[in-house]
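Notes for the one structure printed next.
Computed from a predicted structure; not experimentally measured. Every chain is numbered from 1 and lettered A, B, ... according to where its sequence line falls, protein lines coming before strand lines.
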Amino acid sequence: MDNNTIIQTDHLVKRFPIGGGHFTALEDIDLRIGKGEFTGLVGPSGSGKTTMLNIIGSLDDPSEGDAQVLGTSIKNIGARRASTLRKKHIGFIFQTYNLMPVYTVFENVEFPLLLLKMSDSERKKAVMDALEWVGLTSKVKSKPKQLSGGESQRVAIARAMVKKPELVLADEPTANLDAENSHNILRTMEKLNEELNTTFLFATHDDKVIRYLKRIIYLEDGKVVGDEQVKK
Amino acid sequence: MLRFFIKGLIRDRQRSLLPIIVVTLGVMLTVLGHTWITGILGDVIDFNARFSTGHVKVMTSEYFENIDQMPNDLALLESEAFIAELQEKYPDMTWVERISFGGLIDAPDEEGETRAQGPAAGMALDLLSPESQEAERLNLQNILIKGTLPTSPDEVILSDEFASRLEVEPDDQVTLITTTMYGAMSITNFTVCGTIKFGVGALDRGGIIADISGIRYALDMEDATGEILGYFPGGEYPDEKAITLTENFNNKYADEEDRFSPVMVPLRDQNSLTGMIDIIGYMSGIIISIFMIAMAIVLWNAGLLGGLRRYGEMGLRLAIGEHKGHIYRSLLSESVVIGIVGSVIGTLIGLLFASLMSKGIDFSDMMEGSTMMMPGVYRTQITLESYYIGFFPGVLATVFGTALAGIGIYKRQTANLFKELQA
Ligand SMILES: Nc1ncnc2c1ncn2[C@@H]1O[C@H](COP(=O)(O)OP(=O)(O)OP(=O)(O)O)[C@@H](O)[C@H]1O
Ligand SMILES: [Mg+2]
């Protein structure tokens, strides 16, 4: 794995037990994703996009083969080291924003930093910076209930970005958003990708997202069926 | 970090309010139950102390061995000097003489022939000295059914049941037939001055009470007494103090060679009261266990429901990089906070109710009338224990309930929890 590679899978296989046998969700995947990429896993429902993101995010383990993420092997990583990898280096964005309803916008964004040792003033500044990136400094004290879908997803992006992770995994981030909001948050992510050189990996089948991708990896039935760099 | 979770806890009513209410209720009932039991059993002990055991009792060692036979031939001699000595050695205590005796009560007709007769269990105590507290100690005035208390040495009170069986009324004459301290036959006439209800079966069948001077005369016990009862100031039985005093006394006075040497026996070693005193301890344990188990079950289920509701949060926290064990521990910390808050509130409310009822709730209207044994008033008694006893079930049950509920969450695979995020 060279210095510029952030994700590399080798003969990655994922099987889920069902009934007496098993279902193969990912079949022999070999991929390499470099630092600073803005890449999407694209494919129909059930093609294995989420499964792939889960393994890369060390939330699930491979059945066979391995995935190297930031130089760490996901096979046999162990729960503790997996959580450390996520805590320090990976940000997640979900289709359903998953903001914690009892906390304010500020507190939701602050939470990942509480897991990292950081002084109060550093933390406060980092949170305000992140909210600045997504243009939500005016909603600091709002509760998630008071936000629109687009605003909620922007808070989720701020939460994923606040610790300046090397890698952001975004699973269908626009599925619940209208066109305008989708473009909005994608432009935000594009900007963060350019300014902070954060690697983004999407799972999506949404054209609005696909248009922004710089590299598209096509999945079908758990196999890579295409991989194209988009010339802009 | 903990501050962050406590903030969430306070804001999330569903997560905090229900468990706190459950804990508050359980703790309140624990505290109240504990004060009731302490109060009721305390009353039983109190009754025994007043009526027969004192807080400590001094007798000859041989008398103590045969106490059921009321062996006045084994009485303490030179009791007046002995009492004075006790009073001097232990000046903050109150010492009183009692004589228990058995015999027959004979009710004569006009010619002086026996009309009715029955076995009597008698107790003699100082009812005539102006400084004596004995009548109050036995609550005699309040349990009087007919007539008055004795005003002279030749008067007796009979249990009301006994009196009606003998068909005697106040002012009638009765004869006490018994033996003197020296074993001779003794026949003495008394005037019935009143009747009382003891509320204890055996005593209601044949109980009589007389002033100690009259009984001394009848039993030929000049300057002698069967028992000397000692009371600590303040009324409540102080078990440990009584034991210490007893050891101290017996070291000085008891002499194994001498059957007539005085021994002191604390309340707990008389009338099988050891069991009673220990029961207070057990009952507290039982109450705590019952409420703890009940609360733990409720909180476990509440925790499971809350946990279901929070799968999303758990999954998110996992994704953000919180370790499973850390999440589990944070749930337990939340439960400790809830347990403590609920216990504080529950204890305060419990103590408030307990203190409102510490004067007692009067059930005597519902019962047949107050008796010596059952004053008809049930009261709570707040002890030092009442202040902290609720915290055991309160905190333990919440932690335990959460721990059980948490295992369910903990056991779920990371990926499954994570699935909640994609729903
Ligand atoms: N825990 C599981 N147990 C059994 N089968 C599973 C499990 N998780 C995923 N699968 C199966 O694996 C396949 C790929 O699932 P995955 O969630 O990765 O699809 P996806 O590409 O993200 O689809 P979508 O676009 O609908 O989100 C599906 O057929 C799914 O049913
Ligand atoms: Mg998916």
> Heavy-atom distance under 4.5 Å to chain B: side chain of A/Glu110, backbone, both or neither?
Replying inline: side chain

>> Looking at A/Phe106, I'd like to know if its CZ atom is crowded, meaning that more than 12 non-hydrogen atoms belonging to other residues, nucleotides or ligands lie closer than 6.0 Å.
In response: yes

> Do the non-hydrogen side-chain atoms of B/Arg317 and A/Leu115 ever get within less than 4.5 Å of each other?
Replying inline: no

>> Under a 4.0 Å threshold between the charged nitrogen and the carboxylate oxygen, would B/Glu322 count as salt-bridged to A/Lys87?
In response: no

>> Do A/Phe111 and B/Ile320 make a side-chain contact, defined as non-hydrogen atoms from C-beta onward lying under 4.5 Å apart?
In response: yes

> Quick one: what part of A/Lys88 sits under 4.5 Å from any heavy atom of chain B, side chain, backbone, both or neither?
Replying inline: neither

> Within a reach of under 6.0 Å around CD of A/Glu132, are more than 12 heavy atoms found that belong to other residues, nucleotides or ligands?
Replying inline: no

> Is the side chain of A/Tyr103 donor-acceptor paired with the backbone N or O of B/Phe4 at a distance under 3.5 Å, no angle test?
Replying inline: yes

> So which of A/Leu99, A/Asp61, A/Leu85, A/Leu114 has the largest heavy-atom pair count under 4.5 angstrom toward chain B?
Replying inline: A/Leu114

> Is the shortest heavy-atom distance from the side chain of A/Phe94 to the side chain of B/Leu316 under 4.5 Å?
Replying inline: yes

>> Within a 6.0 Å radius of atom CH2 on A/Trp133, are there more than 12 heavy atoms belonging to other residues, nucleotides or ligands?
In response: yes

>> Between A/Arg86 and B/Leu318 (side chain of the first, backbone of the second, donor and acceptor by atom type, cut-off under 3.5 Å), is there such a pair?
In response: yes

> Within a reach of under 6.0 Å around CZ of B/Phe5, are more than 12 heavy atoms found that belong to other residues, nucleotides or ligands?
Replying inline: yes

> Is the closest side-chain heavy-atom distance between A/Thr84 and B/His323 below 4.5 Å?
Replying inline: no

> Do A/Lys143 and B/Arg11 touch side chain to side chain, with heavy atoms closer than 4.5 Å?
Replying inline: yes

> Are there more than 12 heavy atoms of other residues, nucleotides or ligands under 6.0 Å from atom CG of A/Asp178?
Replying inline: yes

> Counting only heavy atoms not in A/Lys164, do more than 12 fall under 6.0 Å of its NZ?
Replying inline: no

